Amino acid sequence: MSFGLSTSPTQLIQFPKNPKSLILDQCKTIRDLRQIHGHLIKTRLLHHPAVAEPMLESAALLLPVPAIDYAFSIFAHLENPDSSAYNVMIRAFTKAQNPESSIFLFRKMIENSVHPDEFTFPSILKACSQVGALREGEQVHAQILKLVDGFGRRGFVENAMVHLYATCGRLELAHQLFDRRSERSVIAWNSMICGYARHGYWTEVVELFGEILGMGVGFNQVTLINVLMACGRLGDLELGEWIYEYALVNGLMKDVSLVTSLIDMYAKCGKVDAARGLFDQLCTRDVIAWSAMINGYMQSSRFKEALALFLDMQNANVEPNEVTMVTVLSSCAALGALETGRWAHSYIKKKNLKLSINLGTTLLDFYAKCGCVNSAIEVFNDMPSRNVWSWTALIQGLANSGRGDTALEFYHSMLQEKAIKLKPVRPNLLRIYM
DNA sequence: GTAGGGTTAG
């Protein structure tokens, strides 16, 4: 049997001194991996942890195109996977944005009495943050506390915990952990700021940034982006412009995300033309930058400019997304631009954009406002899921078009949907019919 | 073998 590789298989049978670097050197493609894998099965060497772990790492993390399924099939055949085998798989699933699988494996790990360690925690906590799995995260926290002492990288684990609690909205708890830390890095500060921003505590975001400046702690683009989001919502143009100056002086204006946040901040503070100035200076404009600028016009009631910019966007061959279409359709609704809106609708179909609650509601609201209630009803029926706002937009549209009877029918069907019934929709309806 | 980001109406 020929491996076509520099090391002969017999060296593996004799158990190499350093199997890890041997395997990592040899597995450059999935083909290499399959060959070595086959050989390791025959010789049963695969069940040796020092061999299994690098095999998993090669497949799940190091290949140019990671083969997680392949890695998992290796993992699933191991007789007694040890903690490092679990760690590699958990890390790989988290990295591949498949946190459910990470959490599943973590549970298995505990069930099988394999002890998680300092390398398990950051990635499993990140997985919990990705899905907002607070309860699962608390169990991880409990496991961490079990290891009274004797684990290194405490800083990484603590950062991950602050991040988990902040993302899940347990901001007091996150802050307690954060305050207790001996050394608070940019990472921890950003976790706190992101947590406050994500949950709409804009004043706290600005306060925290004030602390950062006061204490002379470091900050970076991510910090500034979150603070700019707050400036826009709070109308704090002064701080927003301070950040703009800072970005100019420090050469940060090449960062599209940061400039997009500046555009959004200026637009939300009523300075749409300043926003446009920055937009025109951007050398690469992605869908989010375009959407932010179009949205800026819309929020300033400059609907025609919003639609004109949407045309420019298409000429620039940038594909719009759900957010873009929401903005475009609400501009059409405001202008009563039925034809353009219809065109947007066919565009959504052509591009197979998912009719999310946001998009569907905006679309039906557009039809209703243009007096096409039947189209509005059609869209409503096509939506895979709806919320109170979808119902309200439809019922209000019907009522405004003199179709009070149909509006009432929909109102009653809404009440029949259990989930909806629990939400306070009644006052809204009373306003329409009183 | 660590983390984090920008756009969404009614």
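Only heavy atoms go into these numbers, but all of them, side chains included; no hydrogens, no water, no symmetry mates. Being a predicted model, the structure only gives us computed values, none of them experimental. Residue numbers begin at 1 in each chain, while the letters A, B, ... track the order of the sequences.
Residue Lys369(A) is classed as a sugar-phosphate contact, given heavy-atom separations below 4.0 Å to backbone atoms only. Base engagement by Thr361(A) is indicated by at least one non-hydrogen atom pair under 4.0 Å involving a base atom. Counting any heavy atom pair closer than 4.0 Å across all strands shown, Met229(A) reaches sugar-phosphate atoms only and no base atom.
Side-chain contact between Phe93(A) and Phe104(A) is absent, with no heavy atoms from C-beta onward closer than 4.5 Å.
With hydrogens and angles left out, the side-chain atoms of Asn226(A) and Arg198(A) include no donor and acceptor closer than 3.5 Å. Side chains of Thr120(A) and Asp117(A): a donor-acceptor N/O pair is present below 3.5 angstrom, by distance only. Checking Tyr266(A) against Glu241(A) by side-chain atom types alone, a donor-acceptor pair falls below 3.5 Å.
At distances below 3.5 Å, at least one donor-acceptor pair connects side-chain atoms of Arg285(A) with backbone N or O atoms of Phe279(A). Side-chain atoms of Thr361(A) do not come within 3.5 Å of backbone N or O of Asn358(A) as any donor-acceptor pair.
An OP1 or OP2 oxygen of dT7(B) is reached within less than 4.0 angstrom by a side-chain nitrogen or oxygen of Arg233(A). For dG6(B), the OP1/OP2 oxygens have no side-chain nitrogen or oxygen of Lys268(A) closer than 4.0 Å. The phosphate of dA3(B) has OP1 or OP2 within less than 4.0 Å of a side-chain N or O from Lys126(A).
Contact annotation: side chain of Ser261(A) to base of dG6(B), donor-acceptor pair absent below 3.5 Å. Evaluation of atom-type donor-acceptor distances gives a pair under 3.5 Å for the side chain of Asp286(A) against the base of dG6(B). At a cut-off of 3.5 angstrom, the base of dT8(B) holds no donor-acceptor pair with the side chain of Asn295(A).
Checking dA3(B), dG6(B), dG1(B) against every side-chain atom of Phe119(A), the shortest atom distance belongs to dG1(B).
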* To do: Evaluate the criterion side chain to side chain donor-acceptor pair (under 3.5 Å) for residue pair Asn112(A) and Tyr86(A); output intermediate values, then yes/no.
  => CA-CA 11 Å; Asn112(A) 295 331; Tyr86(A) 274 101; 3.0 Å; yes
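Following rounding to the nearest Å, Gln130(A) (CD) and dG5(B) (P) show an atom-to-atom distance of 10 Å.
In this structure, Phe219(A) places its CZ atom where more than 12 heavy-atom neighbours from other residues, nucleotides or ligands lie under 6.0 Å away.
Within residues 216-224 of chain A, the residues approached by DNA chain B to less than 4.0 Å at the level of any non-hydrogen atom are Asn220(A), Gln221(A), Val222(A), in residue-number order. Within residues 246-258 of chain A, the residues having any heavy atom under 4.0 Å from DNA chain B are, by residue number, Asp255(A), Val256(A), Ser257(A). Within residues 297-319 of chain A, the residues that place at least one heavy atom under 4.0 Å from DNA chain B are, in residue-number order, Met298(A), Gln299(A).
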